[in-house]
Amino acid sequence: MKRQLIVTHDGAESTVVVEGPLENGQLKITIGGKARNVDAKLIRPGTWSLVVDGHNYLVDLDKRANLNGKVAASVGASEAVLLVEDAAHRRLTAAVPRAQARGETLRAPIAGKVVKVLVAVGDSVAPNTAVIVLEAMKMENELISERGGIVKVIHKQAGQAVDTGDTLVELE
């Protein structure tokens, strides 16, 4: 089986081709024209053991909700946030123009406190734009609009506490 992926990191795109499993059970992975055989074993969901050129790497892949469809890939203390897309799917969606769905309701994913509201009523919000900053467990998290739209109602202001599921901002 052969699969072509487009991986984006810090705005730079790379084509990654994954072939296999080969007869020896390994995968052939080609990045930027350079092919390598990789022994890959799933340790647990989201964690892989990879042997590349005799070096062993433990890789954690985390699809966090606040990454908006991206994947946090960690090896040791290093982490990179990646957008991984199937190349064929990307070509098909690019070839078929369609109206962008707009409007959504942003809700608190966890209990916390609103630190900052980044929009005002009437503002036009583009898809994948930060709308509000929520503090939970001493971490600040930007909540991102997936579809965008016009800000209709802001339910919570900076300094207000929120519970899981509370409505924060409505876009139309």
Single-linkage hydrophobic cluster Val114~Val121, side-chain heavy atoms < 4.5 angstrom:
yes

The single option from Ile144, Val119, Val169 that satisfies side-chain contact (heavy atoms from CB on, under 4.5 Å) with Val125 is Val119

_Under a 3.5 Å distance rule, please check whether Thr164 uses its side chain to pair with a backbone N or O of Ala111 as donor and acceptor._
yes

> Does the side chain of Ile6 reach to within under 4.5 Å of the side chain of Thr15, using non-hydrogen atoms?
Replying inline: yes

Shortest non-hydrogen pair, Arg44 vs Leu42, comes out as O-CD1, 3.2 Å

Item to complete: Check the hydrophobic clustering (I, L, V, M, F, W, Y; side-chain heavy atoms under 4.5 Å; chains of links allowed) and say if Val38 and Leu22 are grouped together.
Response: no

- Item | Under 3.5 Å: donor-acceptor pair, side chain of Arg36, backbone of Ile29 | no

Paired with Leu168, the side-chain contact (heavy atoms from CB on, under 4.5 Å) test is passed by just one of Gln157, Gln160, Lys156, His155, namely Lys156

Distance col, row Gln4:CD vs His89:NE2, nearest 0.5 angstrom, shows 15.0 Å

Stepwise side-chain hydrogen bond (donor to acceptor under 3.5 Å, both in side chains) test for Glu79 and Ser74
CA-CA 4 Å; Glu79 181 176 86; Ser74 303; 3.2 Å; yes

Value for CD1 (Ile154) from OG1 (Thr167), rounded to nearest 0.5 Å, stands at 13.5 Å

Tightest non-hydrogen contact, residues Ala158 and Val117, listed as N-CG2, 4.1 Å

Note: Asn56 and Leu50 closest approach over all heavy atoms is OD1-O, 3.1 Å

**Asked** Distance-only, no hydrogens or angles: does the Glu172 side chain make a donor-acceptor pair with backbone N or O of Lys152 under 3.5 Å?
**Response** no

Check: Same cluster or not: are Leu27 and Val16 linked, directly or through other Ile, Leu, Val, Met, Phe, Trp or Tyr residues, by side-chain heavy atoms under 4.5 angstrom apart?
Finding: yes

Rounded to the nearest 0.5 Å, the NZ atom of Lys70 sits from the OG1 atom of Thr8 at a distance of 8.0 Å

Open item on the list: Applying a strict under-4.5 Å side-chain criterion to I, L, V, M, F, W and Y, I'd like to know whether Val51 and Trp48 cluster together.
Closed with: no

For Leu61 and Val59, the nearest pair of non-hydrogen atoms, with its separation, is CD2-CG1, 3.9 Å

Taking every heavy atom of Glu104 against every heavy atom of Gly148, the minimum-distance pair comes out as OE2-N, 3.2 Å

(Q) In the structure I gave you, are the side-chain heavy atoms of Leu118 and Lys116 within less than 4.5 Å of one another anywhere? (A) yes

Just so I know, are the side chains of Ile132 and Leu143 near enough to count as touching, which here means a heavy-atom distance under 4.5 Å?
yes

>> Taking the side chain as everything from C-beta on, heavy atoms only, tell me whether Leu134 gets closer than 4.5 Å to Pro109.
In response: yes

request  = Would you check if Lys2 and Val17 make a side-chain contact, meaning some heavy-atom pair closer than 4.5 Å?
outcome  = yes

*Side chains of Lys28 and Asn37: does their closest heavy-atom pair fall under 4.5 Å?*
yes

d(Glu146 CD, Asn128 CG) to nearest 0.5 Å is 8.0 Å

- Message: Membership question, hydrophobic clusters at under 4.5 Å side-chain separation (ILVMFWY): are Leu82 and Leu58 in the same one?
- Response: no

Note: Val131 and Leu106 closest approach over all heavy atoms is CB-CD2, 4.1 Å

Margin query: Using side-chain heavy atoms (C-beta onward) and a distance below 4.5 Å, is Leu171 in contact with Ile150?
Written below: no

